[in-house]
Undergrad: 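Dropping a structure here in structure tokens format, bear with me for questions.
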Amino acid sequence: MAIGGDAGRVVGDGGAGAGDDNIILNPEFDSGLDNWSGSGCKIELHDSLDDGKVLPVSGKYFVAATGRTDTWNGVQQDVTSRLQRKLLYEVAATVRLSGAAATPSPCEVRATVAVQNTDGRQQYISVAKSPAVSDKEWMQLQGKFLLNGTVAKAAIYIEGPPAGVDLLLDSLVVKHAQKATPAPAPDFKNLEYGANILQNSDLEDGVNGWFGLGSCALSVHGGAPRVLPPMARQSLSPLDGDDGDGGEPLNGKHIHVTNRAQTWMGPAQVITDRVTPYATYQVSAWVRVGGQQAAGKPQNINVAVAVDSQWLNGGQVMALDERWYEIGGSFRVESSSTPPSRVMLYVQGPDPGVDLMVAGLRVFPVDRKARAKHLRKLTDKVRKRDVVVKVTAAAGGAAAADGVEVRVRQVSNSFPLGACIMRTNMDNEDYVDFFTKHFNWAVFGNELKWYWTEPEKGQLNYADADDLLKLCADHGMCVRGHCIFWEVDSAVQQWVKALPADELSAAVASRINGLLTRYKGKFRHYDVNNEMLHGSFYQDKLGAGARAAMFRAASELDPDALLFVNDYNVEGACVDVRATPEAYIAQVTGLQEQGAAVGGVGLQGHVTAPVGAVVRAALDRLAVLGLPLWFTELDVSSANEHVRADDLEAMLREAYAHPAVDGVVLWGFWELSMSRDDAHLVDAEGEVNEAGRRLLQLKREWLTRAHGRADGNGEFRFRGHHGAYHVDVVTPAGAKISQEFTVDKDDAPLVLNITV
């Protein structure tokens, strides 16, 4: 945020301030350069610069890092003796550039903590950064960090701009972060679930309530579908059976949009007063393109939601021809302290000159409790099995007498539920304790990726992966191998990019041979070439058969590993026309036709405002492949912990209730160890939040307990989740027999014979 004016004076929030709890010594340079040093450069003390145009913000002086020859050069302070492990620290640094005339401005400035642990392991923690620091005004960097391990040496430094640019620091605050009081659960008592919030959506009153964005023209015509789109029908139909009528039929009318001069032109409606903050809204419509300009070219159609200056994607579809297409999606307005001043929904996307048609557009809040009730019934069919405990007398002839007491307790659920872990987390015993108690599968965040194991040609590093594998093996956990290759250009090391085709081919062969030979039998799954729907680096360099060749090589090197495709935005987000279920299906079948042993379909699951019916529709379409589906990197994000918990529950219930889904792996769970903000289940200091409690609640729900007495035939019956069990059988005389058993997936009842 900008906190300086023309002469460097504070505007808005004010300066960082030192405070008695600041662990930084001499934070505003009142004692000159005491306790400060340059990191690879010189530092100078100033009370002004540029003829008085640059003045300090919070004290009498600021410091300038000069003579910088690399981006990491800057201002630093040793904080070794003043940091405590497993405490969350917040950082505020007031920074500015100088001497930036010879380089593009603004530039990125970062606050970084450099740590050397007592075991010699080094780590650089990115704490805060801003890409927009300039020589025009003071800016404040803000961030947080946590030290997991015992520190031998630690320093915090400010770095980032290109060589030759002077970096100014006015003040630095590092202090123990105070816990914020979580926001309460949103109030939805007046929400009418399933009710369309759009006015005149059936167009019985012409285009009243609608307006065209830009110069386009709106008119109403017939000839549109008369049934609700399937995703809306699933949400709005009665959920207690399959005999629902799918809601009221549509009237066949549609808005026809002509004279479209820009892609963003289309029908719009302001819905500011009809949107409840934090409620999840499902979007559904039939859409179509037409006109001479539409012939022969696919057209992207999108439902957009403009929330003041923010843009939300409510759903997207690629129209390949002039048929009617279902468009579906969801959105949520996460209000801050001030409600949005304007919320507008509109349909856009096709090329200029292409007519756009929209029918049956509905926007309605989803009832997650009703959906959960429905999913419990599906779960009972998919994840449970009938069990008969048959008790007989020791003589073997007659059934045990009436009155034998049977107590059944499920020890663990066999459904794979995992989490992403990283080597730095291993040093925090609280993190490890939560991970090993609540998950049975793992995936490594970075430590198996090629850019991590071989950042420079020939410099191999498997130490981090080895350490993580040992942790998982010690706790009997299965591990996914993520990933052998990554097809997206930005994830490929520079030395790999620089290789000519023949050397690249050799490097690819060396990578896959080295990795899978070293870890043969250690990883149950491999993501062979990550995100092939969104990148094509190896295919572009090595030819169309490169991807299938990777699968064939992996299958030969480790035949027992299940080989996966893995990608994002496929699982029902409806926001990415590159990543539709149909595109994914085509990719998998294309690989199989080239001899690739594709054994599983990975859905990353980085979702926002998920709607069960939309997710279920994507899973149903992908299930036609006949391959196991896994959510491989699931996370949800909301600033409100209760909404985050609802999102997580919605996704886990959909996955657990779907017969084609064989496992779920969360993309982290601990604060500051997540790729998305507001996605954690446990805060940095180990306190479980509402989302984490919801996860544990679901895990308890998916454990079966049964207690009763055997009938006259010596039989006790129950239906239980798949997994490991313990049973105690107690006779009327007080004798107790205990036994462990496993309920596997099967349609036939499991008969457990126990002799007393």
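Computed over heavy atoms, backbone and side chain alike; hydrogens, waters and symmetry mates excluded. Because the structure is predicted, anything quoted here is derived from the model rather than measured.
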Undergrad: When rounded to the nearest 0.5 angstrom, what is the spacing between CG in Leu198 and CZ in Arg274?
TA: 6.5 Å
Undergrad: So which heavy atom on Thr704 is nearest to which on Arg719, and how close?
TA: CG2-O, 3.9 Å
Undergrad: For the atom pair CG (Asn302) and CH2 (Trp264), what is the distance rounded to the nearest 0.5 Å?
TA: 14.5 Å
Undergrad: Looking at Asn530, is its backbone amide N or carbonyl O close enough to the side chain of Asp527 to form a donor-acceptor pair, meaning the two atoms are under 3.5 Å apart?
TA: no
Undergrad: What distance separates Trp670 CH2 from Cys420 SG, expressed to the nearest 0.5 Å?
TA: 14.5 Å
Undergrad: When you measure from the side chain of Asn200 to the backbone N and O of Gly206, does any donor-acceptor pair fall under 3.5 Å?
TA: yes
Undergrad: Where does the angle between the aromatic ring planes of His606 and Trp667 fall among parallel (under 30°), tilted (30 to 60°) and perpendicular (over 60°)?
TA: perpendicular
Undergrad: Inspect the contact between Arg368 and Asp647 and indicate whether a charged nitrogen and a carboxylate oxygen are less than 4.0 angstrom apart.
TA: yes
Undergrad: Taking the six-membered ring of Phe415 (Phe, Tyr or Trp), confirm whether the NZ or CZ of Arg383 is under 6.0 Å from its centre and within 45° of its axis.
TA: no
Undergrad: For Thr608 and Arg676, which I'm curious about, is there any donor-acceptor pair between the side chains at under 3.5 Å?
TA: yes
Undergrad: Could you check Asp367 against Lys369 for salt bridge (charged side-chain N to carboxylate O under 4.0 Å, His left out), going step by step and ending with a plain yes or no?
TA: CA-CA 6 Å; Asp367 188 346; Lys369 291 183 178 179; over 6 Å; no
Undergrad: Which of these passes side chain to side chain contact (heavy atoms under 4.5 Å, CB included) with Pro267: Leu345, Leu213, Leu356, Val207?
TA: Leu356
Undergrad: State whether the side chain of His254 and the backbone N or O of Gly222 hold a donor-acceptor pair below 3.5 Å, judged by distance alone.
TA: yes
Undergrad: Applying side chain to side chain contact (heavy atoms under 4.5 Å, CB included), run through Leu417 and Trp441 and close with a yes or a no.
TA: CA-CA 6 Å; Leu417 179 62; Trp441 275 69; over 6 Å; no
Undergrad: Roughly how far, to the nearest 0.5 Å, is the OG atom of Ser284 from the CG atom of Leu228?
TA: 6.5 Å
Undergrad: Are Phe439 and Phe669, when compared by the centres of their aromatic rings, separated by less than 6.0 Å?
TA: yes
Undergrad: I'd like to know if Glu90 pairs up with Lys144 as an ion pair, taking the criterion as any Lys NZ or Arg NE/NH1/NH2 lying under 4.0 Å from an Asp or Glu carboxylate oxygen.
TA: no
Undergrad: Got more than 12 heavy atoms from elsewhere within 6.0 Å of CD, Glu192?
TA: no
Undergrad: Tell me yes or no: between the side chains of His534 and Asp576, is some donor less than 3.5 Å from an acceptor?
TA: yes
Undergrad: Would you confirm whether Thr589, through its side chain, and Ala586, through its main-chain N or O, come within 3.5 Å as a donor-acceptor pair?
TA: yes
Undergrad: Checking the side chain of Asn640 only, and the main-chain atoms of Pro184 only, is there a donor and an acceptor separated by less than 3.5 Å?
TA: yes
Undergrad: Does atom NZ (Lys384) have a neighbourhood of more than 12 heavy atoms from anything else shown, all under 6.0 Å?
TA: yes
Undergrad: Of all the heavy-atom pairs spanning Arg342 and Thr272, show the shortest one and how long it is.
TA: CA-OG1, 3.3 Å
Undergrad: Run the salt bridge (charged side-chain N to carboxylate O under 4.0 Å, His left out) check on Glu701 and Arg653 step by step: do they pass?
TA: CA-CA 11 Å; Glu701 179 182 322; Arg653 285 196 183 278; 2.8 Å; yes
Undergrad: Determine whether His438 and Leu696 satisfy the following criterion, side chain to side chain contact (heavy atoms under 4.5 Å, CB included), listing intermediate values before the conclusion.
TA: CA-CA 8 Å; His438 301 300; Leu696 302 184; 3.4 Å; yes
Undergrad: Ring centres of Trp286 and Tyr325 under 6.0 Å apart?
TA: no
Undergrad: Mind checking side-chain contact (heavy atoms from CB on, under 4.5 Å) for Thr632 and listing every partner two or more places apart, or none if nothing turns up?
TA: Arg480, Asn566, Gln604, Trp630
Undergrad: Evaluate the criterion side chain to side chain contact (heavy atoms under 4.5 Å, CB included) for residue pair Gln282 and Val363; output intermediate values, then yes/no.
TA: CA-CA 6 Å; Gln282 182 172 344; Val363 176; over 6 Å; no
Undergrad: Please examine the side chains of Ile255 and Val257, heavy atoms only from C-beta on, and report whether any two atoms are closer than 4.5 Å.
TA: yes
Undergrad: Check the pair Leu250, Val227 against side chain to side chain contact (heavy atoms under 4.5 Å, CB included), reporting the backbone distance first and the verdict last.
TA: CA-CA 5 Å; Leu250 302 180; Val227 294; over 6 Å; no
Undergrad: Arg288 and Gln299: side-chain donor and acceptor closer than 3.5 Å?
TA: no
Undergrad: Are the ring centres of Phe364 and Tyr281 closer than 6.0 Å?
TA: no
Undergrad: Is a donor on one side and an acceptor on the other found under 3.5 Å between the side chain of Glu649 and the backbone of Leu698?
TA: no
Undergrad: May I ask you to test the Leu533-Asn569 pair for a side-chain heavy-atom distance under 4.5 Å?
TA: no
Undergrad: Could you tell me which non-hydrogen atom of Ala268 sits nearest to which non-hydrogen atom of Tyr346, and how far apart they are?
TA: CB-CB, 3.6 Å
Undergrad: Could you tell me whether Arg260 and Asp351 have a side-chain N and a carboxylate O separated by less than 4.0 Å?
TA: no
Undergrad: Is there a donor-acceptor pair closer than 3.5 Å between any side-chain N or O of Asp567 and the backbone N or O of Met532?
TA: yes
Undergrad: Can you tell me how far CD of Glu654 sits from CZ of Arg616, rounded to the nearest 0.5 angstrom?
TA: 7.0 Å
Undergrad: Is a side-chain donor-acceptor pair under 3.5 Å present for Asn196 with Ser201?
TA: yes
Undergrad: Okay, side chain of Asp187, backbone of Lys189: is any donor-acceptor separation there less than 3.5 Å?
TA: yes
Undergrad: Establish, from distance only, whether the side-chain atoms of Asp308 and Ser341 form a donor-acceptor pair under 3.5 Å.
TA: yes
Undergrad: Return the minimal non-hydrogen interatomic distance between Ile301 and Ile327, and the atom names on each side.
TA: O-CD1, 3.5 Å
Undergrad: Nearest 0.5 Å please: distance from the CG atom of Leu320 over to the CD atom of Glu582.
TA: 9.5 Å
Undergrad: For the residue pair Asn413 and Leu703, what are the closest heavy atoms and their distance?
TA: N-CD2, 3.7 Å
Undergrad: Should Asp635 and His680 be marked as a side chain to side chain donor-acceptor pair (under 3.5 Å) after you check the CA-CA gap, both sets of side-chain angles, and the distance that decides it?
TA: CA-CA 8 Å; Asp635 57 22; His680 60 279; over 6 Å; no
Undergrad: Determine, for Glu690 against Arg693, whether the closest basic-nitrogen to carboxylate-oxygen distance falls under 4.0 angstrom.
TA: yes
Undergrad: Kindly say whether Asp677 contributes a backbone atom to a donor-acceptor pair with the side chain of Ser637 at under 3.5 angstrom?
TA: yes
Undergrad: Below 4.5 Å, heavy atoms only, C-beta onward: do Val333 and Pro340 meet side chain to side chain?
TA: yes
Undergrad: I'd like to know if the side chain of Thr258 pairs up with that of His256 as donor and acceptor (distance under 3.5 Å, no hydrogens or angles considered).
TA: no
Undergrad: May I ask you to check whether Gln348 and Thr263 show a side-chain donor-acceptor distance below 3.5 Å?
TA: no
Undergrad: If I compare all heavy atoms of Leu619 with all of Phe631, which pair ends up nearest, and what's the gap?
TA: CD2-CZ, 4.0 Å
Undergrad: Taking Ser330 for the side chain and Val611 for the main chain, is one N or O donor matched with an acceptor at less than 3.5 Å?
TA: no
